[in-house]
Amino acid sequence: MIEKLRDIFTVALIEAFGDELKDFSPLVVPATNPKFGDYQCNAALSLAKVLKKNPRAIAQTIVDTVKLNDSFEPLSIAGAGFVNITIKPEAIAKQIQSVHQDERVGVEKASVQQKIVVDFSSPNIAKEMHVGHLRSTIIGDSIARILEFRGHEVLRLNHVGDWGTQFGMLINYLRTEKPEVLTTANAVDIGDLVTLYKQAKAKFDRDAEFQEQARKEVVKLQNKDSESIKAWQLLCEQSRREFEIIYHLLNIKLTERGESFYNPFLPEIITILETENLLEKNQGANCVFLDGFVNKQGDPLPLIVQKTDGGYNYATTDLAAIRYRVNEDKTDKIIYVTDAGQANHFIQVFQVARKANLAPENVDLVHVSFGLVLGKDGTKIKTRSGETIRLKSLLDEAVNRTKQDLQNRIETEDRQETKEFINQVSQIVGLSAVKYADLSQNRTTDYRFSYEKMLDLKGNTAPYLLYAYVRVQGISRKGNIDLDNLSTEENIIFTDESELVLAKHILQLDYIIKELEKDLLPNRLCLYLFELSQKFNQFYDKCPILQAEEKVKISRLILADLTAKVMKLGLSLLGISVLERM
RNA sequence: GGGUGCGUAGCUCAGUUGGAUAGAGCAACUGCCUUCUAAGCAGUCGGCCACAGGUUCGAAUCCUGUCGCACCCGCCA
């Protein structure tokens with residue numbers, strides 16, 4: 001709808017003021033306030049200067065020139081020169097009917113379908129997943145789902161940290177402290193492995209000789225020493241199983257392609273940089289000097305692609321990954337979902353990738369960054385003893401708290417529910433709450449983790465949204481109505497303002513999803529769904545459904561059913577599933 | 001020291017290419033269950049959009065400076 005209006009207004013602007021406005025944005029946006037109508041055109045205001053005319057006069061000319069069909073109320077001019085656009089209720093009713101019969105509830109597929117890599121989650125082998133991985137995993141999954149729904153072919157890649165100095169470190173440490181881990185599967189559990197990792201890291205940081213041995217271990221690994229490779233594989237296997245538990249719990253699908261995958265391609269990256277005349281030796285390391293990055297003295301800063309000892313680092317791996325994804329995966333776009341702290345790194349890597357033509361101009365490189373997860377007090381989230389919180393225990397706690405709440409409610413309401421019901425509901429509500437709390441926040445800022453807030457039944461939370469869906473299902477149960485087989489003949493009748501408001505909101509979904517595809521901010525979808533729930537609850541409050549006379553009843557059932565469909569779809573794009581009862 | 005981001009109600013946060021009187025939720029208080037689950041709805045209270053300048057018909061939004069906070073800064077990822 002908004003695109004159509006933009007086209008119509010652009011045509012009108014050209015007709016009224018000439019061809020030079022061909023590329024001028026008609027500035028048609030959703031109305032800032034419902035009392036101004038559904039959309040508004042702000043073009044008159046910004047054209048005032050260019051055309052040296054009174055904005056209200058320009059607005060009048062626009063109104064006189066624009067050709068709208070009978071779906072719209074007559075245009076009105078308000079304030080300094082705003083043109084307000086209102087759709088007629090009959091037109092809304094018609095659209096609702098057509099959307100109701102559409103499997104995609106009115107959301108179009110992208111006109112150009114791309115191949116897109118979404119690189120997210122990316123935990124490290126031999127370490128447990130912690131809250132830091134939560135945002136990348138949840139946001140990345142949601143972005144992938146949104147793009148998939150728009151019809152793009154998405155390759156979800158898990159760029160796990162399965163290579164590098166830390167491996168040499170760990171293997172070297174295990175060789176003396178716990179050699180059986182290197183030869184036997186599951187010799188210790190993952191928690192102990194993490195402890196050993198920390199010990200190894202501590203030793204690495206204070207012991208120069210150990211550092212040296214660790215580096216040699218890396219070289220052995222790189223040279224495919226069979227014993228080293230075996231040990232490495234065992235460690236990876238064990239970690240992988242651990243990750244799978246989390247991914248299964250969160251219903252996340254990912255293709256693992258870790259750093260080690262790009263290992264064989266690292267030397268050719270150096271060669272390419274060399275032939276492109278980008279490579280420079282600096283203090284023994286191979287570097288590419290960057291535009292726009294300078295040190296204290298104002299000298300350009302290098303991106304190190306090959307260390308003095310001949311080893312490669314993550315910048316090199318990222319460059320090799322870009323090359324592979326462009327050449328082999330034939331991707332049109334690569335999206336990296338990582339914390340904001342890596343912003344600099346990606347700017348640098350992207351710059352080098354462009355310069356070396358590893359990524360041609362028509363391949364988009366996008367860093368989707370996000371802020372830190374903070375504790376309730378606003379500092380980095382930690383356990384009481386100062387350890388980072390394991391993701392598994394964090395999720396378990398959310399589910400347990402939900403279960404507690406649910407059991408209390410069942411008791412006070414004197415309901416009888418099975419154990420299976422209680423478990424299933426608390427699992428879905430608890431995990432959804434964690435996901436929703438994260439996604440409903442603008443990802444670019446830090447975010448405060450609070451069980452109380454995310455599990456609150458009121459406000460912009462998963463339980464509130466899920467409840468709106470449950471209410472619709474309740475109606476269908478109570479009235480013994482099959483929502484999938486509602487009459488398609490009946491008209492939509494607006495007897496109360498709340499029905500029209502709900503209907504208009506439902507029709508905004510298409511616009512929201514398209515915006516989402518551009519700005520990759522899932523919180524905008526959350527806000528939309530929250531508002532949908534509110535508008536539905538207002539409708540539910542004011543418009544009885546089952547007692548209404550037949551024609552009104554069907555009209556309201558369609559609105560309720562459509563609300564549920566939008567809710568289910570929207571939540572699924574956030575990686576959240578719905579419940580029939582709760 | 002340099003870079004990036006942030007600073008909006010008591011708290012947690014929205015604020016879409018600059019647009020009309022800056023919005024939610026929570027908390028607090030007041031109403032509404034013989035009616036589809038009240039896990040709801042209606043309402044009241046609450047703002048120097050960090051501060052100071054500038055650009056503009058119009059600034060929370062853009063520019064400059066100041067203060068505060070966070071993160072990053074050549075051989076970790």
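Owing to the predicted nature of the structure, the values given are computational and were not obtained by experimental measurement. Chain letters run A, B, ... following the sequence lines, proteins first, then strands; residues in each count from 1.
For the atom pair OH of A:Tyr336 and NE2 of A:His345, the computed distance is 8.0 Å after rounding to the nearest 0.5 Å.
Stacking of the aromatic ring of A:Phe82 onto the base of B:rG19 is not found under the criterion of centres within 5.5 Å and planes under 30°.
A stem is defined here as three or more consecutive Watson-Crick or G-U pairs, each with both distances under 3.5 Å; for RNA chain B these stems are B:1-7 with B:67-73, B:10-13 with B:23-26, B:28-32 with B:40-44, B:50-54 with B:62-66.
Residue pairs that meet the salt bridge (charged side-chain N to carboxylate O under 4.0 Å, His left out) test with at least one member in residues 425-439 of chain A, sequence neighbours left out, are A:Arg135-A:Asp438.
Legend: residues meeting side chain to side chain contact (heavy atoms under 4.5 Å, CB included) with A:Glu280, ordered by chain and number and at least two apart, are A:Phe289. For A:Thr402, the side chain to side chain contact (heavy atoms under 4.5 Å, CB included) test picks out A:Ser426, A:Val429, A:Leu455, with sequence neighbours left out.
When ring centroids are compared, A:Phe539 and A:His505 stay outside the 6.0 Å threshold. You'll find the ring centres of A:Phe350 and A:His367 outside the 6.0 Å limit. Here A:Tyr451 and A:Phe449 bring their ring centres to under 6.0 angstrom of each other.
In this structure, a donor-acceptor pair under 3.5 Å is present between the side chains of A:Arg471 and A:Asn537.
Rounded to a whole angstrom, the distance from the P atom of B:rA70 to that of B:rG10 is 22 Å.
The phosphate of B:rA27 has neither OP1 nor OP2 within less than 4.0 Å of any side-chain N or O from A:Lys453. A sub-4.0 Å separation between OP1 or OP2 of B:rU12 and a side-chain N or O of A:Arg448 is present. The side chain of A:Asn42 places no N or O atom within less than 4.0 Å of a non-bridging phosphate oxygen (OP1 or OP2) of B:rG58. Between A:Gln441 and B:rU12 there is no side-chain N or O to OP1 or OP2 distance below 4.0 Å.
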What N/O pairs connect the protein and nucleotides 31-36 of chain B at under 3.5 Å? Give each pair on its own line.
unit_1: B:rU35; atom_1: O2'; unit_2: A:Gln547; atom_2: NE2; d: 2.6
unit_1: B:rC36; atom_1: O2; unit_2: A:Leu546; atom_2: N; d: 3.4
unit_1: B:rC36; atom_1: N3; unit_2: A:Ile545; atom_2: N; d: 3.3
unit_1: B:rC36; atom_1: N4; unit_2: A:Tyr540; atom_2: O; d: 2.4
unit_1: B:rC36; atom_1: N4; unit_2: A:Cys543; atom_2: O; d: 3.3

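Residues from residues 336-351 of chain A lying near RNA chain B, meaning a heavy-atom separation below 4.0 Å, are A:Gly341, A:Gln342, A:Asn344 in numerical order.
The OH atom of A:Tyr511 sits 10 Å away from the P atom of B:rU16 (whole-angstrom rounding).
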